[in-house]
Amino acid sequence: MLFNSIEFLIFLPIAFICYWQIRDWRLQNMLVVVISYFFYAWWDWRFLFLMAFVTLSSYVAGILMSAFHSRRKGILLIEILLCLGILGLFKYYNFFVENVVALLDAFGFQAHASTLNIILPVGISFYTFQALGYVLDVYNGKVCASRDVVAYAAFISFFPQLVAGPIERIDNVYPQFTRQRKFDFSYAKDGCKMILGGFFKKLVIADTAAGVVDTIFNGYGNYNAASLALGAVLFSFQIYGDFSGYSDIAIGTSRLFGISLRKNFDMPYLSRNVAEFWRRWHISLNRWFVDYVYIPLGGSRRNRSITIRNIFAIFLLSGLWHGANWTFIIWGAYHAALLVAYKRLKVSSVFLTFVLCTIGWVIFRADSITVAGEYITRMLDFTNYAFPDIPKINLLNACECLLGISLLMLLEWKNKDRDYAFYLDLKNRAMRWGTYAVIAIWAVIYYKVGQAFIYFQF
């Protein structure tokens with residue numbers, strides 16, 4: 001079920017009312033599991049069994065590691081293989097087979113292999129990593145194994161962040177499912193503001209930019225360098241508005257149910273260097289890779305070559321996590337190289353960081369490495385700069401999108417000390433809430449609803 005759909009606008013208030021009619025937190029947890037599985041089944045009910053299996057296997061693994069301490073390493077290994085095996089089958093099997101066949105053909109071997117017609121389950125990368133984080137924390141003694149299967153199932157399947165994060169940690173969310181929760185009007189009100197801000201990012205910025213971006217990227221050979229630069233910049237804000245918009249809606253919706261999720265974006269395009277950018281962009285995934293891959297490999301505590309190896313390891317894995325395509329892997333390697341260069345040169349510039357990240361987003365967005373190379377080469381041809389020559393209607397949409405981006409950046413800067421950017425500092429209460437209402441109605445009516453979020457494919 002999409003957040004930006006009529007079905008969700010009906011589902012959410014019904015779930016909210018039913019949830020707060022229940023006084024016992026254990027029954028609330030049961031309801032959370034039911035509505036979360038219903039929310040996921042709206043897309044494809046068949047993959048409920050996959051999520052249930054990951055949930056139960058990781059829950060049992062936690063208990064077994066606590067009960068059989070001397071064998072916990074083997075239990076952990078089995079659970080990791082199960083989770084990564086499921087992820088690999090559904091997400092990477094065809095990519096691996098096709099590349100092995102291509103490699104063998106390059107060396108003169110005739111190879112034939114069949115690929116599978118597999119639908120990628122929505123959110124599989126998110127809830128699988130959440131379960132893996134839990135078993136790793138139990139293994140390392142950071143948390144005790146859960147003994148409440150319903151509370152644990154609620155933690156894994158909690159519908160606001162189920163399909164596109166944030167990737168939560170057991171020590172933050174799970175304890176909230178093991179105690180009484182009371183409705184807090186002020187907390188819920190802040191949640192509604194975050195939801196509204198998320199819809200603004202998604203509908204006004206991301207979806208408006210999408211049409212222009214698709215036009216330019218699909219016909220990049222027909223446009224001048226300025227048009228390609230405009231397309232790259234708009235995609236930078238499209239993916240930011242789309243993904244951070246989803247995160248804001250998820251965090252805000254969680255607050256309606258008395259659950260606190262951690263911030264997933266923190267004004268990344270105001271970063272002064274690439275290291276700071278990755279502390280502000282998709283925070284939950286980056287912390288996951290740092291805690292469970294980078295630090296166990298030795299982090300930056302050893303010599304320079306080991307540190308560089310570890311940096312490339314987490315960024316290549318991060319690229320692969322995003323999808324089974326060489327563009328994502330090269331995108332990860334590109335950011336690893338930028339981070340290594342920054343650690344050496346210590347150059348600090350918001351503008352330069354944005355430009356470098358925007359070039360990276362071209363690689364991320366392109367259909368192939370060849371397309372990415374051609375696009376970037378044409379975009380950086382400074383002899384071919386002139387007024388953008390995209391169709392007039394697309395140019396108007398681009399201007400409209402840039403206006404929305406300017407408003408968003410202004411609000412983010414003004415409210416940088418708040419949990420959410422979409423806060424209007426108007427003294428008159430009626431005017432303040434009236435403005436919120438007008439923006440909400442304008443966003444829903446004027447802009448398309450039902451356009452899928454980019455990160456659903458990951």
Side-chain angles (χ1 to χ4, degrees), residues 51 54-55 57-59 61-62 76-77 79-88 91-92 121-143 146 152 155-158 160-176 243-244 246-247 250-251 254 260-266 268 274-300 307 309-324 328-329 331-333 335-336 339 364 455-458:
M51 183 169 65
V54 171
T55 301
S57 67
S58 56
Y59 172 79
L76 173 68
L77 181 60
E79 181 58 24
I80 290 175
L81 290 175
L82 280 174
C83 288
L84 293 184
I86 290 171
L87 194 58
K91 196 167 183 176
Y92 304 109
V122 169
I124 188 172
S125 299
F126 291 90
Y127 67 72
T128 301
F129 266 40
Q130 197 154 300
L132 279 173
Y134 163 70
V135 294
L136 287 166
D137 283 345
V138 172
Y139 173 80
N140 291 320
K142 293 182 179 179
V143 297
S146 170
Y152 181 73
F155 160 70
I156 294 293
S157 67
F158 190 41
Q161 45 89 223
L162 173 59
V163 293
I167 302 171
E168 277 293 347
R169 306 289 281 272
I170 190 74
D171 60 345
N172 178 47
V173 173
Y174 177 76
Q176 298 180 64
F243 193 20
S244 71
Y246 181 95
S247 295
I251 295 169
S254 299
S260 174
L261 301 180
R262 290 192 173 113
K263 181 184 287 189
N264 208 23
F265 289 85
D266 186 14
V274 70
E276 185 179 346
F277 174 82
W278 283 108
R279 289 194 295 270
R280 293 167 172 259
W281 179 278
H282 203 347
I283 298 169
S284 61
L285 178 66
N286 298 322
R287 285 178 176 168
W288 198 99
F289 276 116
V290 168
D291 290 346
Y292 298 121
V293 179
Y294 185 71
I295 292 176
L297 286 175
S300 56
T307 299
R309 181 203 67 180
N310 296 343
I311 289 172
F312 271 89
I314 62 168
F315 276 99
L316 289 173
L317 286 173
S318 178
L320 190 60
W321 178 90
H322 281 84
F328 297 124
I329 297 172
W331 171 76
H335 272 280
L339 187 56
F364 188 95
Y455 265 69
F456 275 26
Q457 64 185 294
F458 305 136

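Keep in mind the model is a prediction, meaning the values are calculated, not measured.
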Could you measure the distance from the [atom1] atom of [X] to the [atom2] atom of [Y]? Nearest 0.5 Å is fine.
X    : Y    : atom1 : atom2 : value
L297 : I311 : CG    : CD1   : 11.5 Å
F265 : H282 : CZ    : NE2   : 6.0 Å
S57  : I86  : OG    : CD1   : 6.0 Å
S244 : D266 : OG    : CG    : 11.0 Å

Please find the pair of heavy atoms, one from [X] and one from [Y], that lie closest to each other, and give the distance.
X    : Y    : value
F158 : S254 : CE2-OG, 3.2 Å
A336 : F315 : CB-CB, 3.8 Å
A250 : P160 : CB-O, 3.2 Å
V138 : G62  : CG1-O, 3.9 Å
G319 : F328 : O-CB, 3.0 Å
S125 : W321 : CB-NE1, 3.3 Å

How about [X] and [Y]: do any of their side-chain heavy atoms sit closer than 4.5 Å?
X    : Y    : answer
Y292 : F129 : no
H322 : L285 : yes
N264 : F243 : yes

Looking at residues at least two apart in the chain, or sitting in another chain, which of them share a side chain to side chain contact (heavy atoms under 4.5 Å, CB included) with [X]?
X    : result
A61  : I75, E79, V135
I314 : F289, V293, Y294
R262 : E168, R169, D171, N172, R287
I80  : L76, L84, L132, L136

Side chain to side chain contact (heavy atoms under 4.5 Å, CB included) evaluation trace for I156 with V54
CA-CA 9 Å; I156 294 293; V54 171; 5.6 Å; no
Does the separation of the ring centres of W281 and H335 fall below 6.0 angstrom?
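Here the rings of H335 and W281 have centres that are no less than 6.0 Å from each other.
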Are the ring centres of Y152 and Y134 closer than 6.0 Å?
yes
Using the test ring-ring contact (aromatic ring centres under 6.0 Å, His included), find all partners of Y127 that sit at least two apart in sequence or belong to another chain.
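ring-ring contact (aromatic ring centres under 6.0 Å, His included) list for Y127, sorted by chain: empty.
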With sequence neighbours left out, write down each residue that passes ring-ring contact (aromatic ring centres under 6.0 Å, His included) with Y174, or none if nothing qualifies.
none
Between [X] and [Y], is there a donor-acceptor pair closer than 3.5 Å when you use the side chain of the first and the backbone of the second?
X    : Y    : value
Q161 : P166 : yes
N286 : W278 : yes
W288 : I167 : no
D137 : K142 : no
K263 : I251 : no

Test side chain to side chain contact (heavy atoms under 4.5 Å, CB included) on S300 and N310; report intermediate values, then the result.
CA-CA 8 Å; S300 56; N310 296 343; over 6 Å; no
Apply side chain to side chain contact (heavy atoms under 4.5 Å, CB included) to L162 and M51, showing your working.
CA-CA 10 Å; L162 173 59; M51 183 169 65; 3.4 Å; yes
